[in-house]
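Presented below is the structure to which this report refers.
We number each residue from 1, following the sequence as shown.
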Amino acid sequence: MPRTDFTISTPDGDAVATLHTPDGDGPWPGVLLYPDAGGVRAAIHDMGAHLATLGYAVLLPDVYHRHGDWAPFDFATVFSDQPERARLMGMVGSLTPELVAVDAEAWVTALLARPEVEGTTVGTTGYCMGGVMSLRTAATQPERVAAAASFHGGNLATDDPASVHRLADRIRAEVYVAGATDDASFPDEQKQRLGDALSAAGVSATLETYPAAHGFAVPDAPSHDDDAEQRHWDALHRLFGANL
């Protein structure tokens, strides 16, 4: 599938990004894909390319662009290697809600400006921490995000005053959230709290729990699950096909 590497200007400097597109002539509906904690790497590029085969122009931004030319993580060892785990957690923690919102505006603006992208709205999807970022983008860019998905997103409805579920009344997108049966970061009480917040805000939303573990959709995650990954592609195609 065609791939274009380019840079996006943000208030904190340039960020590298990649656009994966289908074969043939566009334009196509645009989708912003947020990675898991490991950031954009070969496995995430594979996911972007796969989503492009379904008929979408898929943007992968470097969410860690403030860290410069950072070294990629090895998901086979990152959680057992204490220095690497500390580096990963430090980078994750640097993505405050305020900075995620700042970047979201830059990502959506850049995606809509691409000649390969049609229309005035985009879809978003995210994995692990990217699931939170996907929903936060829908809340902070409500007029420009028509569909938003989260897969094994963690801490979507916590007691934190900045928890993304507290922004439900700002969301105008169709929302799809898929948790996992084996995922301590998104227990049933958070799922209930998120569902209640979306319902109270009048957001059209579907919340499901896949019989899998956290990380099920990402190919290089130790907990990757083939059946759950395919189910997630089917869900995304339905969500974006109906709303973009």
Inset, instruction - Any chance you could measure L167, atom CG, to T140, atom OG1, to the nearest 0.5 Å? - result: 8.0 Å

Legend entry - Distance under 6.0 Å and angle within 45° of ring axis: R238 vs Y176: no

Inset, instruction - Please check if any side-chain donor atom of T21 sits under 3.5 Å from a side-chain acceptor atom of E116, or the reverse. - result: no

Legend entry - Salt bridge present between R193 and D159 (N-O < 4.0 angstrom): yes

Legend entry - S199 side chain vs G195 backbone, donor-acceptor pair below 3.5 Å: no

Legend entry - Test side chain to side chain contact (heavy atoms under 4.5 Å, CB included) applied to V132 - qualifying residues, sequence neighbours left out: R136, L156, V164

Inset, instruction - Would you mind reporting whether F75 and D36 have side-chain heavy atoms less than 4.5 Å apart? - result: yes

Legend entry - Pair R66 + D103, salt bridge at N-O below 4.0 Å: yes

Inset, instruction - Find out if a path of hydrophobic residues (ILVMFWY) with successive side-chain heavy-atom gaps under 4.5 Å connects V40 to V92. - result: no

Legend entry - Between Y56 and H237, ring centroids under 6.0 Å: yes

Legend entry - Trace of the side chain to side chain contact (heavy atoms under 4.5 Å, CB included) decision for M47 with H232: CA-CA 11 Å; M47 295 178 73; H232 122 276; 4.2 Å; yes

Inset, instruction - Answer yes if V100 and V175 sit in the same cluster of Ile, Leu, Val, Met, Phe, Trp and Tyr residues linked by side chain heavy atoms under 4.5 Å apart, and no otherwise. - result: no

Please tabulate, for side-chain N and O atoms in residues 27-35, each donor-acceptor pair with protein atoms closer than 3.5 Å (sequence neighbours left out).
from : atom 1 : to   : atom 2 : distance (Å)
Y34  : OH     : T137 : OG1    : 2.7

Inset, instruction - Check whether any side-chain heavy atom of H20 lies under 4.5 Å from a side-chain heavy atom of L60, and answer yes or no. - result: yes

Inset, instruction - Using a 4.5 Å cut-off on heavy atoms from C-beta on, say whether the side chain of K191 contacts that of F186. - result: yes

Inset, instruction - Look at the aromatic rings of F151 and Y127 and report parallel, tilted or perpendicular, splitting at 30° and 60°. - result: parallel

Legend entry - Distance in Å, Q230 CD paired with D227 CG, rounded so as to fall on 0.5 Å steps: 9.0 Å

Legend entry - Shortest non-hydrogen separation from A180 to T209 and the atoms involved: C-CG2, 3.6 Å

Inset, instruction - Just do the side chain to side chain contact (heavy atoms under 4.5 Å, CB included) check on D23 and T53 with the steps written out, would you? - result: CA-CA 8 Å; D23 290 322; T53 69; over 6 Å; no

Inset, instruction - Test R231 against D225 for salt bridge (charged side-chain N to carboxylate O under 4.0 Å, His left out), laying out the working first. - result: CA-CA 10 Å; R231 180 176 172 182; D225 183 287; over 6 Å; no

Inset, instruction - Give, for atom CD1 of I171 and atom CD of Q141, the distance between the pair rounded to the nearest 0.5 Å. - result: 12.5 Å

Inset, instruction - Decide yes or no for V218 and D220: does some side-chain heavy atom of the first lie under 4.5 Å from some side-chain heavy atom of the second? - result: yes

Legend entry - Within one Ile-Leu-Val-Met-Phe-Trp-Tyr cluster: M1 and L59, side-chain cutoff 4.5 Å: no

Inset, instruction - For D188 and Q192, test the side chains for any donor-to-acceptor distance below 3.5 angstrom and give the result as yes or no. - result: no

Inset, instruction - Identify the two heavy atoms, one from A148 and one from A138, that lie closest to each other, and give their separation to 0.1 Å. - result: CB-CB, 3.8 Å

Inset, instruction - Check P97 against A162 and note the closest heavy-atom contact, atom names and distance. - result: CG-CB, 3.9 Å

Inset, instruction - State, yes or no, whether a side-chain contact exists between V203 and D169 at a heavy-atom distance under 4.5 Å. - result: no

Legend entry - Euclidean distance, D46 CG relative to L51 CG, rounded to 0.5 Å: 12.5 Å

Inset, instruction - Examine I8 and V63 and state if one hydrophobic cluster contains both, with Ile, Leu, Val, Met, Phe, Trp and Tyr joined whenever side-chain heavy atoms are less than 4.5 Å apart. - result: yes

Inset, instruction - Give me the ring orientation class for H152 and H214: parallel if the planes are under 30° apart, tilted from 30 to 60°, perpendicular past 60°. - result: perpendicular

Inset, instruction - Identify the two heavy atoms, one from A173 and one from A147, that lie closest to each other, and give their separation to 0.1 Å. - result: CB-N, 3.6 Å

Legend entry - Test item: side-chain donor near acceptor, H67 and D62, under 3.5 Å: no

Inset, instruction - Quick one: list whatever passes salt bridge (charged side-chain N to carboxylate O under 4.0 Å, His left out) with E84, sequence neighbours left out. - result: R87

Legend entry - Side chains of V145 and T121 in contact at under 4.5 Å (non-hydrogen atoms): no

Inset, instruction - Check whether any side-chain N or O of T109 sits under 3.5 Å from a backbone N or O of A106 as a donor-acceptor pair, and report yes or no. - result: no

Inset, instruction - Would you kindly say whether D183 and S185 are connected by a side-chain donor-acceptor distance under 3.5 Å? - result: yes

Inset, instruction - Go through the steps for H45 and R3 under the test side chain to side chain contact (heavy atoms under 4.5 Å, CB included), then give the verdict. - result: CA-CA 9 Å; H45 281 294; R3 164 180 168 167; 3.7 Å; yes

Inset, instruction - Compare every heavy atom of F216 with every heavy atom of A228, then report the nearest pair and how far apart it is. - result: CB-CD1, 3.6 Å

Inset, instruction - Without swapping roles, check the side chain of N243 against the backbone of L239 for a donor-acceptor pair under 3.5 Å. - result: yes

Inset, instruction - Answer yes if the side chains of T18 and D5 hold a donor-acceptor pair under 3.5 Å, and no otherwise. - result: yes

Legend entry - CD on Q190 to OG on S163, rounded to 0.5 Å: 7.0 Å

Legend entry - Validation row: T158, R166 side chains within 4.5 angstrom (heavy atoms): no

Inset, instruction - Decide whether F6 and V108 are clustered together by the hydrophobic rule: side chain heavy atoms of Ile, Leu, Val, Met, Phe, Trp, Tyr closer than 4.5 Å, transitively. - result: yes

Inset, instruction - Give the intermediate values and the outcome of side chain to side chain contact (heavy atoms under 4.5 Å, CB included) for residues R144 and V122. - result: CA-CA 6 Å; R144 302 199 292 174; V122 302; 5.6 Å; no

Legend entry - Closest non-hydrogen atom pair, A139 against R170: O-CB, 3.4 Å

Legend entry - Atom pair OG/CE of S134 and M129 - distance to nearest 0.5 Å: 12.5 Å

Legend entry - Min side-chain heavy-atom separation L236-D234 under 4.5 Å: no

